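Here the structure comes first, spelled out in structure tokens, and everything after it is commentary.
We use all heavy atoms of the structure for the numbers below, so side chains are in, but hydrogens, waters and symmetry mates are not. Everything quoted here is computed from the prediction, not taken from an experiment.
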Amino acid sequence: MSTEKTPSSVSSSSSNYEVCKGFNGLDKVLLRDARGSSAEVYLYGGHVTSWKNDQAEELLFLSSKAIFKPPKAIRGGIPICFPQFANLGTLDSHGFARNRFWTIDDNPPPFPTNTLSKAYVDLILKPSEDDIKIWPHSFEFRLRVALGPGGELMLTSRIRNTNIDGKPFSFTFAYHTYFSVSDISEVRVEGLETLDYLDNLQKKERFTEQGDALTFESEVDRIYLSTPTKIAILDHEKKRTFVLRKDGLPDSVVWNPWDKKAKAMTDFGDDEYKHMLCVEAAAIENPITLKPGEEWKGRLELSTVPSSYFSGQLDPQRVIQGS
Ligand code: BG6
């Protein structure tokens with residue numbers, strides 16, 4: 001359990017955050033926005049573990065059995081999958097960024113557009129000598145976690161090839177976001193209809209999504225390809241819709257382990273699958289390749305809007321046209 005200490009505040013003309021101890025003495029960064037929304041980021045994994053709205057309601061799922069003990073990745077929140085998604089390579093599942101210690105970078109290279117909010121933190125991950133033994137490349141991975149003026153959670157990843165041997169490298173990537181939902185059987189996902197997906201439960205065979213929005217009644221583990229920049233998760237019971245906006249991340253993984261897999265995971269409660277859904281903005285089908293000196297950027301913005309169950313509610317144009 002955590003031994004909370006007085007947080008140390010960092011406040012400059014631009015950013016404003018606090019650092020304190022989380023579970024097992026691991027350092028975590030607290031972000032608070034003037035209107036009351038907040039977020040927590042563990043330096044272990046560069047891992048967002050909490051995002052709350054101005055009513056202090058938690059919006060991300062974090063397992064009650066999450067193990068905050070390296071090298072185990074934290075179950076819930078937003079693990080960063082890099083440089084490998086799942087088992088698509090020789091590294092351990094989802095690569096190593098989610099179980100390395102990141103550091104705070106108070107002087108990152110400037111962003112082309114300035115964040116309006118002061119509630120943000122910049123983290124950086126560089127490979128250790130041991131990392132280079134398993135993935136022989138030098139890189140700088142900069143992650144900015146920010147709260148927007150309306151309580152949005154914004155994650156920006158900038159990954160640069162710093163190889164001095166002239167070699168390019170390729171990677172796959174995902175923001176493995178665990179959303180908190182009231183009841184998985186009352187949830188629907190809009191934005192992925194009619195798209196192709198690779199089904200992880202059927203040897204990555206390619207299928208085409210049929211018909212209407214996605215609903216859930218059994219295990220799902222799919223990589224949707226060439227997905228739109230905006231996806232919505234409608235939580236009927238909560239009357240809340242999560243809106244994901246993404247940039248640089250063409251694919252979207254949808255995952256719920258359902259009952260059997262839930263029971264098999266030591267860091268996940270048997271019934272917790274009912275209260276979570278992963279929708280992961282990702283770059284998987286076409287790995288990103290960077291030459292030395294090149295940088296890639298992948299951005300995810302999460303927000304919530306009140307909603308009813310009816311499809312089309314999100315898009316004012318469609319409501320006006322009555323379709
Ligand atoms: C998802 C994958 O992104 O992550 C699933 O599509 C996987 O196949 C899940 O089971 C959880 O992975 P892990 O390594 O955190 O247990």
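If you chain together hydrophobic residues whose side chains sit under 4.5 Å apart, Leu31 and Val19 fall into the same group. In this structure, Tyr224 is not a member of the same hydrophobic cluster as Phe85, with clusters built from ILVMFWY side-chain heavy atoms closer than 4.5 Å. By the rule that hydrophobic residues join a cluster once side-chain heavy atoms approach within less than 4.5 Å of another member, Val253 and Val189 end up as members of separate clusters. Under the 4.5 Å side-chain heavy-atom criterion for grouping Ile, Leu, Val, Met, Phe, Trp and Tyr, Met265 is connected to Phe216 within one hydrophobic cluster. One hydrophobic cluster, built from ILVMFWY side chains closer than 4.5 Å, holds both Phe173 and Ile134.
Inspection of the Thr162 and Glu140 side chains reveals no N or O donor paired with an N or O acceptor under 3.5 Å. A donor-acceptor pair shorter than 3.5 Å can be found between the side chains of Thr208 and Asp196.
The pair Arg222-Glu209 counts as a salt bridge, with a side-chain nitrogen and a carboxylate oxygen less than 4.0 angstrom apart. Note on Lys204 versus Asp199: no salt bridge recorded, every NZ/NE/NH1/NH2 to OD/OE distance being 4.0 Å or above.
With Asp251 contributing its side chain and Glu285 its backbone, the two residues share a donor-acceptor pair below 3.5 Å. Between the Asn24 side chain and the Leu26 main chain, no donor and acceptor come within less than 3.5 Å of each other. Without hydrogens or angle criteria, His176 side chain to Ile78 main chain gives no donor-acceptor distance under 3.5 Å. Using a distance-only test at 3.5 Å, with no hydrogens or angles considered, no donor-acceptor pair links the side chain of Thr177 to the main chain of Cys278. In this structure, the side chain of Tyr42 engages the main chain of Phe23 through a donor-acceptor pair within 3.5 Å. Checked by atom type and distance alone, the side chain of Glu193 pairs as donor or acceptor with a backbone atom of Gly191 at under 3.5 Å. No side-chain donor-acceptor contact under 3.5 Å links His47 to the backbone of Asn99. Not one N or O on the side chain of Arg299 forms a donor-acceptor pair closer than 3.5 Å with the backbone of Leu155. Side-chain atoms of Lys246 come within 3.5 Å of backbone atoms of Pro228 as a donor-acceptor pair (strictly under, hydrogens ignored). Listed for the Asn163 side chain is no donor-acceptor partner under 3.5 Å among the backbone atoms of Asp165.
Taking every heavy atom of both residues into account, Leu192 and Ser252 meet most closely at CD2-CB, 4.3 Å. Residues Gly148 and Asp33 share a closest heavy-atom pair of O-OD2, 3.8 Å. Here the shortest heavy-atom pairing between Ile80 and Gly45 reads CG1-O, 4.1 Å. Taking all atoms of both residues into account, the shortest heavy-atom contact from Ile132 to His137 is CG1-O, 3.7 Å. A pairwise comparison of heavy atoms in Thr241 and Ala232 identifies CG2-CB, 3.9 Å as the closest pair. Of all heavy-atom pairs between Leu300 and Ala281, the closest is CD1-CB, 4.0 Å.
Rounded to the nearest 0.5 Å, atoms CZ (Arg144) and CG (Asp105) are 9.5 Å apart. Separating the CH2 atom in Trp51 from the CD atom in Glu40 is a distance of 14.5 Å, to the nearest 0.5 Å. Distance CD/Glu237 to CG/Asp183: 5.5 Å, rounded to 0.5 Å. Between atom CD of residue Glu152 and atom CZ of residue Arg245 there is a gap of 8.5 Å, rounded to the nearest 0.5 Å. From Arg142, atom CZ reaches atom CD1 of Ile159 across 11.5 Å, with rounding to the nearest 0.5 Å. Here the NZ-OG distance, from Lys274 to Ser182, works out to 13.0 Å after rounding to the nearest 0.5 Å.
Of the residues listed (Trp296, Trp102, Tyr175, Phe141), the one engaging Phe82 in a ring-ring contact (aromatic ring centres under 6.0 Å, His included) is Phe141, and it is the only one. Just one of Ile223, Leu249, Leu198 meets the side chain to side chain contact (heavy atoms under 4.5 Å, CB included) condition when paired with Ile284; it is Ile223. Put simply, the residue from Lys52, Lys238, Arg240 that forms a salt bridge (charged side-chain N to carboxylate O under 4.0 Å, His left out) with Glu57 is Arg240.
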In sequence, state the C-alpha distance, the side-chain angles, and the governing distance for Tyr120 and Thr156, and then conclude on side-chain contact (heavy atoms from CB on, under 4.5 Å).
CA-CA 11 Å; Tyr120 69 85; Thr156 308; over 6 Å; no
Pair Ile104-Leu43, side-chain contact (heavy atoms from CB on, under 4.5 Å): steps then yes or no
CA-CA 8 Å; Ile104 294 173; Leu43 296 189; 3.9 Å; yes
With side-chain contact (heavy atoms from CB on, under 4.5 Å) as the criterion, how do Val145 and Leu153 come out once you've worked through the C-alpha distance, each side chain's angles and the decisive distance to 0.1 Å?
CA-CA 7 Å; Val145 182; Leu153 181 67; 3.9 Å; yes
Using the salt bridge (charged side-chain N to carboxylate O under 4.0 Å, His left out) rule, take Glu190 and Arg188 through it: C-alpha gap first, then chi angles, then the decisive distance, then the call.
CA-CA 7 Å; Glu190 293 193 356; Arg188 54 194 276 155; 3.7 Å; yes
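The ring of Phe139 has its center no closer than 6.0 angstrom to the ring center of Phe171. Here the two rings, on Phe268 and Phe61, have centers that are under 6.0 Å apart.
Using a 4.5 Å heavy-atom cutoff, the side chains of Leu290 and Phe169 are in contact. Contact check for Pro108 versus Arg158: side-chain heavy atoms found under the 4.5 Å cut-off. Using a 4.5 Å heavy-atom cutoff, the side chains of Pro292 and Asn161 are in contact. Counting heavy atoms from C-beta on, the side chains of Trp135 and Gln84 never come closer than 4.5 Å. Between Cys20 and Lys28 there is a side-chain heavy-atom pair separated by less than 4.5 Å. Contact of the Val254 side chain with the Tyr197 side chain is not registered, since no non-hydrogen atoms from C-beta on lie closer than 4.5 Å. Side-chain atoms of Asp27 and Lys21, non-hydrogen and from C-beta on, do get closer than 4.5 Å to each other. No side-chain heavy atom of Leu125 sits under 4.5 Å from any side-chain heavy atom of Leu143.
Screening residues 62-87 for salt bridge (Lys or Arg N to Asp or Glu O under 4.0 Å) gives Lys72-Asp267, Arg75-Asp267 as the qualifying pairs, with residues at least two apart or on separate chains. Judged as a side-chain hydrogen bond (donor to acceptor under 3.5 Å, both in side chains), the pairs with a partner in residues 253-264 (not counting sequence neighbours) are, in order, Glu219-Lys261.
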For residues 86-97, dump all side-chain donor-acceptor pairs below 3.5 Å to protein atoms at least two apart in sequence or in another chain.
from	atom 1	to	atom 2	distance (Å)
His94	ND1	Ala86	N	2.8

